[in-house]
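Worksheet: one structure, shown below.
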Amino acid sequence: MKKWPLIHTPLPGPKARKLIHQDRTYVSPSYTRYYPLVVEKAKGLWVHDVDGNIFLDFTAGIAVCATGHCHPRVIKAIKKQADLLLHMSGTDFYYKPQIVLAKKIARMAPGKGSKKVYFGNSGAEAVEAAFKLARWHTKRELNLAFYGAFHGRTMGALSLTASKTIQKKHYNPLVPGITHIPYAYCYRCPYNLSYPECELGCVQWVEDTLFRTTIPPEEVATIFVEPIQGEGGYIVPPPEFHREMNKIAKKYGILYVADEVQSGMGRTGKMFAMEHFGVDPDIIALAKGIASGMPLGALAARAEIMDWEAGSHASTFGGNPVSCMAALATIELLEEGLMGNAEVQGNRLMDGLVKLQQSHECMGDVRGKGLMVAVEFVKDRSTKEPARTWRNDIIKHAFRKGLLLLGCGENSIRFCPPLTVNTAEIDTCLSIYDDVVRKIAG
Ligand SMILES: Cc1ncc(COP(=O)(O)O)c(C=O)c1O
């Protein structure tokens, strides 16, 4: 039987309204909330608010709840570990969950040779650690990152980020030595070229111009890159992009650092999105989906790169034993079938959206891999003028119809449901989305 969202109060409902009022009084105003959803509980893809309304979740709590909300096997692992040990600090002591998870990640990480794993609590911490490790190992001071990139909000990760100026406003000076370069955003090529005739001019430019004019390549520690840009708009670069960029990195002894915080952990149908591009990154940063909602960040690097000394980096809470056990249960579920499901259901979602694109002029671009899918909205397909207001209105209206969506980039909507999503849920999402787009931008 097809399950449908159930909205039986105005939104926000009375209980939600009261809580939002208190939130405004006591909680930091720096958070961005697209719509007034106050969650009480959730299971699978179905989220209940405090007034008993039921929503279909195509956000997975910002691409985090990979195994669906409160998967019974993840909950069981958490409860079992919570009875044994909540915390001891893996930086000063040893415990089995951290060691077992490190072994698992080290063996999963792409590329030959042995790897080592560092643990933190979030995506930003994983990126921050990668940034510091690269400096430690290479003793080089310069880094390249990309326009549109989002790597987190701590000072180092923020310095690598080039997503929205509001994220940097009043926070300068940031970490020096970072040069942002254009990403392969082919729908709006920054060089006004077309793929494949461009022959990846954006990659060639790094060697032919940047490294000849302003940046001595032998002083560059890293190229920091998202395999598929996340917050920037779910931008999928051409198949050869990472291979060619990585070739340049190798030529000059630069570390290729893949930020898989959003694209990793099976979301694209492979454990790591970089596997689609045939590149083995030197360092890989993970978080979000890794522990189904428990806070955990991880960094995997080849053993010879992870050569920093005792005391050079650590975190009190990093590698929390409960989070580690949640991660092990998550990885087991991904390997048993959820990764495959991400590919199958991702194709169904993509096909459905491409079909809808034929009847909705405002859907300028549909792109993605697996369950990392986005639609970019335009006012006019030939001028590609961004339709920001439509995008925002579609998200808000979908919420009123019981479908949870999130934006990305300036004018795109992302679809990043839990990897447990089934065919009926994909079809429900497409049906609500179709109605909403017709109403707002039809
Ligand atoms: C690619 C990427 N890197 C890093 C981060 C930062 O993660 P966190 O918010 O857990 O610090 C994010 C968060 O959206 C992300 O998408």
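As the structure lists them, so they are numbered: ligands from 1, and atoms in each ligand from 1.
- Using modelled atom types, no side-chain atom of E335 and backbone atom of E332 make a donor-acceptor pair closer than 3.5 Å.
- Protein neighbours of ligand 1 below 4.0 Å, counting non-hydrogen atoms: S122, G123, A124, F150, H151, G152, E226, E231, D259, V261, Q262, K288.
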Identify each donor-acceptor pair in which a side-chain atom of residues 392-401 lies under 3.5 Å from a protein atom, sequence neighbours left out, and give them as a table.
residue, atom, partner, partner atom, Å
H397, ND1, R400, NH1, 3.2

May I have the list of side-chain donor-acceptor pairs in residues 318-326 shorter than 3.5 Å, sequence neighbours left out?
residue, atom, partner, partner atom, Å
N320, OD1, V322, N, 2.8
N320, OD1, S323, N, 3.0
N320, ND2, L86, O, 2.8
S323, OG, P295, O, 2.8

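- Geometrically, K139 engages W136 in a cation-pi contact defined by less than 6.0 Å to the ring centre and at most 45° from the axis.
- The stretch residues 229-240 participates, sequence neighbours left out, in these salt bridge (charged side-chain N to carboxylate O under 4.0 Å, His left out) pairs: E231-R414.
- Atom CD1 of I62 has 12 or fewer heavy atoms from other residues, nucleotides or ligands within 6.0 Å.
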